[in-house]
Amino acid sequence: MKKILSVLLILILAFNLSACAKDDLNSYKKAVEKTDNISKGKTDFQFNLDTRFNEENLTLEKMKYIKNIEMTSEYTFDLEKDKLIARNYFNFGGMGFDSTFYKGKKSFIKMPMLGKYIEIDDLVSEENNKFNEVSSILNDKTIKNIEKEWVNILSEDDVLQGKDTVINTPDGDVKVTHYKINVTDKQLKLYLKEIEKILLKDENFIEIINETYEIDIENIKKDLKEFKSQFTIDKFKYDAFIDIDGYIINEDIDIEIGFDNTKNIFKEMTINIKTKNWDIENKQEFNFPKLNDENTLDKENLNQGLPYMFEDILKGE
């Protein structure tokens, strides 16, 4: 199970960051940079992964949890004030749960299944303060290098500027310019190869993978090498919509992956990533709940109400 999770983690990071760092044309490049520097606003992120398995090779009952993975997050942020509220939904093979993450003077999370708030600081000890670092699993240098490599694989023929159109957003109807990016399996394989090199140079990333997920980095290298030789990216379609102010306000990525190794448990994967940005650079309202002994769960009782599938994953089963 850990092998599968480690490979999926790398793929999700790769394609998610490619969605945040795209472009070959100068106007598009400026839009990417401007969007990356938004200091406050709202964002909606949706990720869906559907997997078809070779059932004759499927021996782990736990695979049902990754047959379909759905993640959505709507968050309000103000980087200048270091405030964030993120409302999240996760669904693993039909098992869904909600959570809300708050970051202000303190960082805490609420999961309705537990019915109480959990202070993040209570999850870790002073000697092993890695939990908070998971939210920033990649340092700025690593992210910039990944962005640079994405640009490097593109040619001008890969980026097509479409006609102006109008799309509906939470801000209302907005006039936008439509950009399309289409790249080949060969280009994406090269991109994944370069990402692997970059990630393996990031000591913080390696340490988090080793200690938080208890996955040896050497095993990840071996698994990725084997995994990459067994699949073909049959489709990579990316659409971006840039508003009149030069911000990317909508993104849509579709990826189809086929596996030609009959010994592999995977047959096909379909990935869809959608991102929306709105209320950009406007004043944001943050309603933080007040924590007390009655509504806060102490760390001794954190396992109460924890979904059993997470217990299995954390044990590496």
Side-chain angles (χ1 to χ4, degrees), residues 12-13 15-22 31-48 69-91 96-123 131-140 143 147 167-176 239-253 272-292 295-297:
I12 290 171
L13 284 171
F15 292 126
N16 186 29
L17 284 171
S18 69
C20 300
K22 45 266 154 210
V32 173
E33 183 177 357
K34 189 170 185 178
T35 305
D36 286 344
N37 288 321
I38 294 174
S39 63
K40 52 183 174 287
K42 293 182 173 65
T43 295
D44 180 85
F45 174 81
Q46 299 180 23
F47 174 89
N48 283 278
I69 296 176
E70 177 185 354
M71 295 182 283
T72 64
S73 180
E74 182 178 310
Y75 48 96
T76 301
F77 63 95
D78 188 326
L79 301 180
E80 295 173 351
K81 295 181 179 180
D82 197 24
K83 291 183 177 180
L84 168 72
I85 296 179
R87 293 173 174 84
N88 310 298
Y89 173 76
F90 302 90
N91 190 307
F97 67 95
D98 300 290
S99 68
T100 303
F101 176 78
Y102 301 87
K103 182 179 182 183
K105 293 181 180 179
K106 292 184 177 182
S107 295
F108 52 99
I109 189 170
K110 183 173 184 179
M111 299 175 68
M113 69 179 68
L114 300 179
K116 292 188 177 183
Y117 297 98
I118 304 169
E119 289 193 52
I120 300 301
D121 293 341
D122 285 345
L123 296 179
F131 187 89
N132 289 326
E133 296 178 14
V134 175
S135 61
S136 56
I137 191 170
L138 303 179
N139 63 42
D140 290 340
I143 293 174
E147 293 174 356
I167 62 173
N168 183 261
T169 75
D171 286 328
D173 291 340
V174 177
K175 186 177 180 180
V176 295
D239 294 275
F241 300 86
I242 302 174
D243 69 7
I244 195 171
D245 295 318
Y247 293 108
I248 301 173
I249 60 171
N250 271 37
E251 298 172 303
D252 194 345
I253 297 177
N272 177 253
I273 301 170
K274 295 180 184 292
T275 307
K276 296 180 181 179
N277 298 306
W278 75 97
D279 207 18
I280 297 171
E281 301 301 1
N282 293 327
K283 182 180 178 181
Q284 303 299 311
E285 297 294 331
F286 297 90
N287 297 314
F288 291 99
K290 294 182 180 180
L291 303 186
N292 54 52
N295 66 12
T296 304
L297 190 67

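Treat the numbers as computed from the prediction; the structure is a model and nothing was measured. Scope of the values below: all heavy atoms of this structure, side chains included, with no hydrogens, waters or symmetry mates.
In this structure, Thr35 and Gly246 approach most closely via the heavy-atom pair OG1-O, 4.3 Å. Among all heavy-atom pairs drawn from Phe108 and Pro289, the shortest one is CE1-CG, 3.6 Å. Contact between Thr43 and Trp278 at its shortest, heavy atoms only, is C-CZ3, 3.9 Å. Closest approach of Glu80 to Lys40, counting heavy atoms only: OE1-NZ, 3.9 Å. Looking at every heavy atom in both residues, Lys290 comes nearest to Asn295 through O-ND2, 2.9 Å. Contact detail for Glu70 and Thr72: the closest heavy-atom pair is OE2-CG2, 4.2 Å.
Here the side chains of Ile69 and Phe90 are not in contact, with every heavy-atom distance at 4.5 Å or above.
Under a 3.5 Å cut-off, the side chain of Asp245 and the backbone N or O of Tyr247 do not form any donor-acceptor pair. At distances below 3.5 Å, at least one donor-acceptor pair connects side-chain atoms of Asn272 with backbone N or O atoms of Ile253. Checked by atom type and distance alone, the side chain of Asn277 pairs as donor or acceptor with a backbone atom of Ile248 at under 3.5 Å. No donor-acceptor pair under 3.5 Å is formed between the side chain of Glu281 and the backbone N or O of Asp279.
Side chains of Gln46 and Asp44: a donor-acceptor N/O pair is present below 3.5 angstrom, by distance only.
The only member of Lys105, Lys106, Lys103 that meets salt bridge (charged side-chain N to carboxylate O under 4.0 Å, His left out) when paired with Glu119 is Lys106.
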Query raised in the report: Going through the checks in order, is the side-chain contact (heavy atoms from CB on, under 4.5 Å) test met by Phe101 and Ser107?
Result: CA-CA 8 Å; Phe101 176 78; Ser107 295; 4.2 Å; yes
Report task. Take Phe288 and Ile85 through the test side-chain contact (heavy atoms from CB on, under 4.5 Å) and record every step on the way to the result. Result -> CA-CA 8 Å; Phe288 291 99; Ile85 296 179; 4.0 Å; yes
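Using cut-offs of 30° and 60° for the angle between ring planes, the Tyr75 and Phe77 rings count as tilted.
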